[in-house]
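Following: one structure in structure tokens, then a few remarks.
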Amino acid sequence: MSLQGVKLHLVESMEDVFALHEWLGYRREHHALAFDTETTGLIVGRDRVRLAQVGDGVHGWAIPYETWSGLFADIVRRWDGHWIAHNAKFDVGMLDHMGIKMPRPFVRDTRIMTHCLTPHYSTALKNVAARLVDAQAASLQTELKNTEWTWATVPIDYGPYWSYAALDTVLTYRVYEILWPKVQEECPDAFEIENTVSWIIERMERYGAHINLAYAQEKLGAFARYVEESAAWVRATYGISAGANASVIRVLQEAGYEFDKQTASGALALDKEVLGAIDHPLAQTVLQRRQLQKLASTYLGHFTTELDADHLIHPSINVLGARTSRMSMERPNLQNLPRKSDRQPAAETVRNCITARPGNVMMMCDFDQVEMRMLASMANEQSMIRAFKGDIDFFVALARMVYGDESIIKSDVRRQVVKNAGYATIYGAGVEKFSKTAGIPIEQGRAVRARWDELFPDVLRFQRQVQSVAVQRRMNEGIPYVRCPVTQRMQVADAGKEYVLVNFLIQGAAAAVFKKKLIELDNAGLGEWMVVPVHDEIILDVPREEASYVADVLKQTMNDDTMFQVPLSASVSWGDSWGSKEEWK
DNA sequence: GTCGCTTGCCAC
DNA sequence: AAACGTGGCAAGCGAC
């Protein structure tokens, strides 16, 4: 298939409008129409639509939005088939902001299709089209190179601009024709989940997270002051910059400290582990300064500068951010806000900044050990499944088995060791890494691991099975992959690293379960109050009078003993801010 | 000035 | 035989 014969149009006159309508009339007997937008930038809610395009496998039409917005709205109103777009959430969000409601249940995303079918390939439209439609697609312009123009200023009638924009709908449509049958055959559930979740996520992005601005500003000021003053002190005292690791190391070496830990590229490392072990005012100041700088720059800075008139921030969420099908988030990433810890008490201020809107309460619901449950279920490991069904804490139960000591309780250090062993299994860590994480001598680590394998033989069998299936497929089909038991979606490893597939399967299954639950929660009416998804946790900002209904739905939905051989369990907490820890009973 | 690399660090 | 996974983001620094 090539791109010869493609016809691209820019709507400039009434004749063009008639021609477009004529084409649409002919299209009506088909079931789908591709669409796309060109915008002034990439931020939904800030940037605006400049061009709206529609097309099929042959024709692509670019409609200047300002001049002909009524035309595009009219097409949307009258088209009763499906809509196809690549990364549809972006265009639907942009159009929503311009006052055009795309019929979301009828919108299908080709980017989701490629991610479901071939998660190991680039999902960028140009690359997908080059692979599936025409190799030349890859070399088509994607940037405004060698011009003074930006996406906001390039003239609408500049040929390369509008024609490539129109072409994108042609490419999208052809990709759709190729991928849709494959999706139906291979992994219809995976597509349905991702596509449905994309609209739930779009709504979260629009709803936004509410910031206590005064509090955030006050804390940011205090942290920034410390960062500044400590840097001044370091410069005055040692004549170096507090942020320049090489200089800090040099001063500490002159003071008699020795360094041996190395970075990936072989330089001397100066990370928090190294600094924490050095009892010297410079080391302690650099460490403290780094921590507060992190809080100020990475978190509080965004909170105080990127909020709208209602004190809301609107992060961008990528529904298929990770190769495992986990979501990711940016501007800012609210999935990695620091948790309160003994080591860093100041960290709790960050979650305290995310507060309920006036009259609302924050509600947080997270799965308990969902990845361990996926492991137990996929491996069909009865000892673990029994432990999950029992009344005592899962890791206490395991620790009692591993150490053969029924007196072990939750605070016993051996529980943490066994917990580390569990996550080492999930991540594919070796004995060395596991021992280091658990903080035990390597011989002890080896013994725990051996005992673990003895107690949970089906886990070991599962690990070996996954790996050998993937290696087999690499030899036979060229791709080392296994399929998610929940969605049938592929998980693909880099060749020679097939062991990671155990992790991908577990992480991917947990992500799929979480997404299915998001759909259930949305169906129960909670979608309008969801703020942030955090892998196995959902954060909501709920009107006070709805709180008890929401808590009921959360508990009903997230506690589930029908999906797997192990029950899924979840707990609900609530309060004024995300940092609140009070359990909802 | 911008860009890309390195280093470090936050979460699940 | 052995192999800790997935992300986003900021600061420093050299290269252009």
Side-chain angles (χ1 to χ4, degrees), chain A residues 119 227 231 240-249 261-276 286-287 289-302 315-341 343-344 346-347 350-351 366-372 374-375 420-438 445-446 449 463-464 467 491 493-494 496-508 510-511 514 532-539 578:
Chain A
V227 169
I240 59 167
S241 161
N245 289 358
S247 308
V248 174
I249 288 174
K261 185 175 179 182
Q262 294 188 341
T263 67
S265 66
L268 289 178
L270 191 72
D271 59 21
K272 62 179 177 182
E273 188 201 353
V274 173
L275 284 168
V286 167
L287 186 55
R289 180 174 176 277
R290 261 192 206 169
Q291 291 181 345
L292 294 184
Q293 186 171 48
K294 174 89 179 170
L295 299 183
S297 307
T298 305
Y299 305 109
L300 302 187
H302 286 282
S316 169
I317 302 171
N318 188 346
V319 173
L320 286 166
R323 57 201 291 184
T324 55
S325 83
R326 262 198 189 180
M327 292 185 260
S328 68
M329 187 181 292
E330 60 182 3
R331 280 181 298 104
N333 181 7
L334 297 183
Q335 291 180 318
N336 70 347
L337 303 189
R339 302 180 63 100
K340 185 183 178 178
S341 73
R343 190 180 48 76
Q344 217 198 143
V350 177
R351 286 180 192 233
D366 67 312
F367 279 130
D368 305 322
Q369 312 101 11
V370 67
E371 293 196 339
M372 289 306 302
M374 294 299 104
L375 174 66
N420 287 140
Y423 286 99
T425 306
I426 285 175
Y427 293 150
V431 170
E432 200 178 325
K433 281 275 168 59
F434 155 56
S435 309
K436 195 166 157 43
T437 312
R446 216 185 303 280
R449 176 57 73 85
Q463 293 175 278
R464 289 181 175 151
Q467 196 165 332
Q491 298 287 0
D494 297 333
K497 275 192 76 176
E498 284 79 8
Y499 75 93
V500 298
L501 287 170
V502 170
N503 175 261
F504 287 9
L505 271 182
I506 290 167
Q507 196 180 106
F514 181 63
V532 186
V534 197
H535 307 309
D536 61 358
E537 179 181 12
I538 182 69
I539 313 300
W578 188 348

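To find a chain, count down the sequence lines: A is the first, B the second, and so on, and within it residues start at 1.
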Closest approach to the side chain of A/Thr298, judged atom by atom: which nucleotide of C/dG5, C/dC4, C/dC9 is it? C/dC9
Can you identify which nucleotide, out of C/dA3, B/dG8, B/dC12, has its nearest atom closest to the A/Tyr499 side chain? C/dA3
Quantify the bending of the helix from B/dG1-C/dC16 to B/dC12-C/dG5 as the angle between its end axes, each fitted on five pairs, to 10°. 10°
A/Gln344, nearest nucleotide to its side chain (from B/dC10, B/dC12, B/dG8): B/dC10
Have a look at A/Gln291 and say if it touches a base, only the backbone sugar-phosphate, or nothing, with a 4.0 Å heavy-atom cut-off. nothing
Between C/dA2, B/dG8, C/dT6, which nucleotide has the shortest distance from any of its atoms to the side chain of A/Gln467? C/dA2
Reckon A/Ala322 touches a base, only the sugar-phosphate, or nothing at all at heavy-atom distances under 4.0 Å? sugar-phosphate
Examine C/dG8: is either OP1 or OP2 under 4.0 Å from a nitrogen or oxygen in the side chain of A/His302? Give yes or no. no
Please state how far atom CG in A/Asn336 lies from atom C1' in C/dG7, giving the value in whole angstrom units. 8 Å
Does A/Arg326 come within less than 4.0 Å of A/Asp536, counting only side-chain N to carboxylate O? no
Could you give the CG-to-P distance, from A/Leu320 to C/dG8, as a whole number of Å? 12 Å
DNA chain C: A/Arg331 or A/Arg326, which has the more 5' nearest nucleotide? A/Arg326
Just checking A/Met329: base, sugar-phosphate only, or nothing, at a heavy-atom cut-off of under 4.0 Å? sugar-phosphate
A/Phe504 six-ring centre to A/Arg323 NZ/CZ under 6.0 Å and within 45° of normal: no
On DNA chain C, check which nucleotide each of A/Glu330 and A/Thr324 is closest to and give me the residue with the more 5' one. A/Thr324
Compare side-chain N and O positions of A/Asn245 against OP1 and OP2 of B/dG8 and report whether any pair is under 4.0 Å apart. yes
Touch class at under 4.0 angstrom, heavy-atom based, for A/Leu295 against every strand present: nothing
Base, sugar-phosphate or nothing for A/Ala510? Non-hydrogen atoms, less than 4.0 Å. nothing
